Amino acid sequence: MKYSEFFIPTVKDIPSDAEIISHKLMIKAGMIKQSSAGIYSWLPLGFKVLKNIEQIVREEQNNAGANEMLMPTIQSSDLWVKSGRYDDYGKEMLRIKDRSGREMLYGPTNEELITDIFQTYITSYKELPKNLYHIQWKFRDEVRPRFGVMRGREFLMKDNYSFDLNEETAKISYNKMFKAYIKTFLRMGLTPISLRAETGPIGGNLSHEFQILANTGESTLYYDKELESLDPESLDPEKLQSYYAAVDDEHDEDKCPIKKEDLKISKGIEVGHIFYFGTKYSQKLKAYVQDKNGKRIAVHMGSYGIGVSRLVGALIEANHDEKGIKWPMSVAPFKLSIINLMPDDQNCTTMASDYYSNFMAGNIDTLYDDRECSIGKKLSDNDLIGTPIQIIIGKRDISAGVVEIKDRLLDTSEKIQIDDVKKVVSKKLNF
Ligand code: ATP
Ligand code: MG
């Protein structure tokens, strides 16, 4: 993508209601535009990141054997009346009437709908276990939408639902998801901390919350330092669940089971939540299957959520400096910027264009900054939008036979011989 053709409305003046750094940076970098309270348009740069996050989430769900599908945003109230949640959900649910006066709603979550789909088609234990998910917009009329996309009213969530014959196999499904979640967040360059959680209004028996570490996070976490150095290739959910981790109001120094030197304290942001809730919905919505003996029994269910749009903000909270965003490579909207400091100079432009076609041909999402604007603006814009690797091409450097390569994540810069640039950058990009 050429910067001159890209729609990226960076702004200087941040609205005063943007309190936290990720909200400020998302507006500054032209990633989102608020449409009304807690509801945003995703501009091209923000949309690219959202899609990259979504894709990592999708791949790890698919790897764990979950089936992707898509349920509607608008649901009929019928199933919610049956489950008893139509009244319980209260004002957070956006209720709509269609032209015939039927009560509809904009889904805040999908337990009812998925349970109904399941019971329509699955009747035997032989078809279990099953795990279904979708990545779909949700609406919750939050009392105080705030912090940009972190607590929106309309937000993108990956939610899946597992169906098992009994508690024992349901826990296997639960642990599979637990592992997939840790992998998902590790792939985004985040440090996930899982905590035993209250089951809340979704109800049930077992629940974990996933927080990611960020200095600016809202919760204070106390946890075993082992949780900071997980190996994605050998994750054991039961072992991970046995490590100590607690939020501040649950942490008691005197009762803490681990040694002081093993205890870490950091700030975190909740990005995911998983539940095993047994037969709560399957009983009410008649999701029964026949077991081996022909007896009809209610299936055991779990539900699993990841805040895909919240993650965009959370990733920025975890990765930024005073100049702007520092995207981890796996989610970066562009992996590479080619910054031509002198578009008027033939040598600079020839070299920039050559690098651009080379990396585009290698399927590297590259931003070619070909704009006619000040050098300062070019450098600061690319730092603001956080491209991890930046090739900076200037007239003086070229005469000296070198090109500057900046690593935004490590905050380092080096001058590389012109002939070595492609090799060095390719290595950094890992291909
Ligand atoms: P919270 O306690 O933050 O309100 P929740 O318990 O209501 O979260 P779940 O229903 O478990 O959240 O939703 C799963 C995930 O969806 C959360 O972990 C979070 O990442 C995301 N999420 C929930 N509410 C919002 C929101 N208003 N805006 C953006 N993301 C959200
Ligand atoms: Mg909530």
Side-chain angles (χ1 to χ4, degrees), residues 20-22 25-26 29 31-32 42 45-64 66 133 135 147-150 155-160 177-195 208-219 221 223 227-233 235 237 240 266-274 304-321 324-336 364-365 385-389 407-410 428-431:
I20 61 168
I21 189 70
S22 59
L25 286 172
M26 285 181 79
M31 293 175 68
I32 48 168
W42 290 80
L45 188 75
F47 187 63
K48 275 173 89 74
V49 179
L50 188 70
K51 287 285 147 185
N52 289 346
I53 293 172
E54 187 184 308
Q55 188 55 24
I56 293 178
V57 170
R58 173 177 291 118
E59 285 170 17
E60 291 307 325
Q61 286 299 310
N62 295 347
N63 282 343
Y133 78 101
I135 301 173
F147 305 150
V149 300
M150 300 268 267
F155 59 97
L156 187 61
M157 195 204 282
K158 183 284 301 168
D159 42 322
N160 53 332
M177 277 300 120
F178 185 100
K179 188 169 161 180
Y181 271 43
I182 299 281
K183 270 196 155 167
T184 301
F185 302 128
L186 288 175
R187 273 186 67 185
M188 294 176 195
L190 296 166
T191 309
I193 304 292
S194 55
L195 304 107
H208 282 88
E209 200 177 281
F210 293 81
Q211 301 239 1
I212 57 97
L213 297 186
N215 290 333
T216 46
E218 265 197 312
S219 349
L221 309 177
Y223 55 92
L227 289 171
E228 280 190 2
S229 45
L230 302 181
D231 173 8
E233 298 311 317
L235 296 169
L240 290 178
S266 302
K267 297 277 185 186
I269 299 169
E270 185 202 314
V271 290
H273 206 160
I274 65 177
Y304 313 85
I306 290 183
V308 175
S309 51
R310 179 180 287 184
L311 269 167
V312 181
L315 274 153
I316 297 174
E317 293 292 332
N319 302 284
H320 67 268
D321 62 13
I325 306 166
K326 299 165 86 165
W327 292 117
M329 194 58 92
S330 61
V331 296
F334 296 101
K335 314 294 174 209
L336 177 67
I364 300 301
D365 215 338
I385 68 172
T387 313
I389 308 291
D407 187 318
R408 180 83 180 93
L409 301 180
L410 300 175
K428 279 183 179 282
L429 291 164
N430 233 341
F431 81 104

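What you are looking at is a predicted structure, and each value in this text was computed from that prediction instead of being measured. Positions are given from 1, in the same order as the sequence printed here.
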### Query
Does a sphere of radius 6.0 Å around CG in N62 hold more than 12 heavy atoms from other residues, nucleotides or ligands, not counting ones at 6.0 Å or beyond?
yes
Using side-chain heavy atoms (C-beta onward) and a distance below 4.5 Å, is [X] in contact with [Y]?
X	Y	value
D321	R408	yes
D407	K428	yes
V312	M31	yes
K335	I389	no
S330	N52	no
K158	I135	yes
S194	Y181	no

Nearest-0.5 Å distance that lies between atom [atom1] in [X] and atom [atom2] in [Y]:
X	Y	atom1	atom2	result
I325	L315	CD1	CG	10.0 Å
L25	I20	CG	CD1	10.0 Å
S219	I193	OG	CD1	11.5 Å
I316	M26	CD1	CE	5.0 Å
M157	R310	CE	CZ	9.0 Å
I306	I274	CD1	CD1	9.5 Å

Looking at [options], which one forms a side-chain contact (heavy atoms from CB on, under 4.5 Å) with [X]?
X	options	value
W327	V49, N319, T387	V49
V331	L50, L190, I53	I53
E270	E218, E209, M150	E209

### Query
Would a distance-only check, ignoring hydrogens and angles, find a side-chain to backbone donor-acceptor pair under 3.5 Å from K48 to A332?
no
### Query
Passes side chain to side chain contact (heavy atoms under 4.5 Å, CB included), M188 versus V57? Steps please.
CA-CA 10 Å; M188 294 176 195; V57 170; 3.8 Å; yes
### Query
Is it true that the side chains of Q55 and R58 contain a donor and an acceptor less than 3.5 Å apart?
yes
### Message
Regarding S22 and E317, do their side chains bring together a donor and an acceptor under 3.5 Å, going by distance alone?
### Response
yes
Please give me the minimum heavy-atom distance between [X] and [Y], naming the atom from each residue.
X	Y	answer
A29	L45	O-CD2, 3.5 Å
V149	G313	CG2-N, 3.9 Å
A318	L213	CB-O, 3.6 Å
L227	L230	O-CG, 3.6 Å
L221	G268	CD1-CA, 3.9 Å

### E59 with R187: basic N within carboxylate O range, under 4.0 Å
yes
### Task
Could you walk me through whether F178 and F210 pass ring pair (Phe, Tyr, Trp, His ring centres under 6.0 Å), step by step?
CA-CA 9 Å; F178 185 100; F210 293 81; 5.2 Å; yes
### Query
Yes or no on side chain to side chain contact (heavy atoms under 4.5 Å, CB included) for L235 and K183, after CA distance, side-chain angles and deciding distance?
CA-CA 8 Å; L235 296 169; K183 270 196 155 167; 3.6 Å; yes
### Query
Residues two or more places apart in sequence or in another chain: which of them pass salt bridge (charged side-chain N to carboxylate O under 4.0 Å, His left out) with K51?
E54
